[in-house]
Trainee: 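Starting off with a structure, shown below.
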Amino acid sequence: MLRLPQRDLRCHQCALRLSCCVNAGDNGIALIGFMGAGKSAVGRELSRRTGWPRHDTDEMIRAQFGISIPDIFARHGELAFRDAETTLLKTLQPGLGGIVVTGGGIVLREENVRLLRRMGRIIWLDADEEILWQRASRHSTRPLLQTPDPRARFAELLRERLPLYQTATDYRINTSSSSIAEVTDEIISLL
Ligand code: S3P
């Protein structure tokens with residue numbers, strides 16, 4: 001079984017060692033954050049650098065349905081996608097180890113956050129709103145932004161979700177002015 005070295009990862013809220021306060025005994029990492037935070041890219045780089053397995057919920061759900069995420073939303077509805085997220089998290093065994101990369105809406109269900117906690121420490125990749133928007137809108141096929149005013153919808157979703165990320169996370173990283181390699185370095189330095 002993969003074991004993360006138990007070093008000095010600290011909770012950004014209480015500054016205690018995470019292994020003591022939040023997720024005692026876990027051995028994995030879950031990346032959460034809004035669209036454009038860089039979760040997928042950092043997850044891939046982290047996996048490459050550490051050799052840990054990567055479990056990307058969006059990728060796995062796409063594979064299950066055999067169609068793209070916009071098509072899942074269009075044909076089956078958002079609820080089916082959200083249910084698939086929860087069902088998938090339930091199939092990930094606690095102690096599986098590695099890196100769980102999540103979609104931006106994973107924090108919408110408290111149950112998902114509880115399931116992620118079983119997998120390990122939850123790291124929130126965050127960035128300034130304008131930077132998130134620039135990244136997310138670059139090649140956006142994101143179904144939630146297929147609206148007449150995607151920028152306004154983006155801001156609204158971000159406002160709704162910030163407290164959820166805040167509550168869910170063990171450690172927050174601002175990626176606004178960092179490269180993928182730098183964010184990965186920061187995570188590795190915490191392990
Ligand atoms: C979603 C974000 C997407 C994907 C789906 C829903 C969201 O993932 O899971 O389109 O609700 O914010 P990214 O965060 O990788 O864009």
Side-chain angles (χ1 to χ4, degrees), residues 29-48 53-92 98-116 119 122-169 171-176 178-180 183-184 187:
I29 281 209
L31 299 179
I32 61 167
F34 201 59
M35 298 174 245
K39 303 176 296 288
S40 301
V42 169
R44 272 194 296 272
E45 180 66 3
L46 195 55
S47 174
R48 193 185 67 76
R54 186 175 57 88
H55 318 283
D56 183 314
T57 59
D58 279 354
E59 274 180 15
M60 293 162 95
I61 292 170
R62 263 199 306 266
Q64 267 171 26
F65 280 79
I67 51 178
S68 69
I69 289 177
D71 284 346
I72 298 172
F73 273 66
R75 292 190 210 167
H76 303 280
E78 180 174 352
L79 184 60
F81 176 79
R82 300 297 172 205
D83 285 343
E85 285 185 314
T86 305
T87 304
L88 174 60
L89 292 181
K90 284 181 183 162
T91 68
L92 296 178
I99 304 145
V100 184
V101 177
T102 63
I106 208 90
V107 291
L108 291 171
R109 292 188 180 175
E110 273 181 39
E111 181 182 11
N112 292 349
V113 175
R114 276 198 302 278
L115 291 164
L116 285 175
M119 306 301 300
I122 301 179
I123 295 185
W124 173 17
L125 301 187
D126 191 23
D128 301 340
E129 177 174 336
E130 197 47 42
I131 289 177
L132 288 171
W133 168 249
Q134 281 167 19
R135 292 181 191 157
S137 57
R138 214 170 282 151
H139 20 243
S140 190
T141 52
R142 286 163 170 108
L144 294 177
L145 300 181
Q146 307 308 308
T147 67
D149 188 349
R151 181 67 184 89
R153 181 77 183 124
F154 189 83
E156 184 184 34
L157 286 171
L158 181 58
R159 203 170 39 248
E160 283 167 14
R161 291 183 184 175
L162 279 176
L164 303 179
Y165 297 126
Q166 178 79 38
T167 303
T169 198
Y171 192 86
R172 176 181 187 172
I173 297 178
N174 188 327
T175 72
S176 295
S178 309
S179 66
I180 291 161
V183 176
T184 307
I187 296 173

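All heavy atoms count here, side chains included; hydrogens, waters and symmetry mates do not. Whatever order the structure lists ligands and atoms in, that order sets their numbers, starting from 1.
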Trainee: Keeping Lys90 on the side-chain end and Asn112 on the backbone end, is there a donor-acceptor pair under 3.5 Å?
Mentor: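 Answer holds: no.
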
Trainee: Just say parallel, tilted or perpendicular for the rings of Phe154 and Phe34, cut-offs at 30° and 60°.
Mentor: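 It falls in the perpendicular class, over 60°.
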
Trainee: Kindly write out the residues that satisfy salt bridge (charged side-chain N to carboxylate O under 4.0 Å, His left out) with Arg44, not counting sequence neighbours, or none if the list is empty.
Mentor: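 If we apply the salt bridge (charged side-chain N to carboxylate O under 4.0 Å, His left out) test to Arg44, skipping adjacent residues, there are no hits.
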
Trainee: Quick one about Thr86 and Arg109 (side-chain donor to acceptor, distance below 3.5 Å, no hydrogens or angles considered), yes or no?
Mentor: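 Note: Arg109 and Thr86 side chains meet the donor-acceptor criterion.
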
Trainee: Heavy-atom contacts with ligand 1 below 4.0 Å: which residues, ordered by chain and residue number?
Mentor: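 Ligand 1 is contacted, at a heavy-atom distance under 4.0 Å, by Met35, Lys39, Asp58, Ile69, Phe81, Arg82, Gly103, Gly104, Gly105, Arg142, Pro143, Leu144, Arg161.
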
Trainee: Could you tell me whether a side-chain N or O of Tyr165 sits under 3.5 Å from a main-chain N or O of Leu125, the two making a donor and an acceptor?
Mentor: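 Side chain of Tyr165 to backbone of Leu125, a donor-acceptor pair under 3.5 Å: no, none is there.
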
Trainee: In terms of side-chain heavy atoms, does Arg135 have a donor or acceptor partner in Thr175 at a distance below 3.5 Å?
Mentor: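 Yes, Thr175 and Arg135 have a side-chain donor paired with an acceptor closer than 3.5 Å.
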
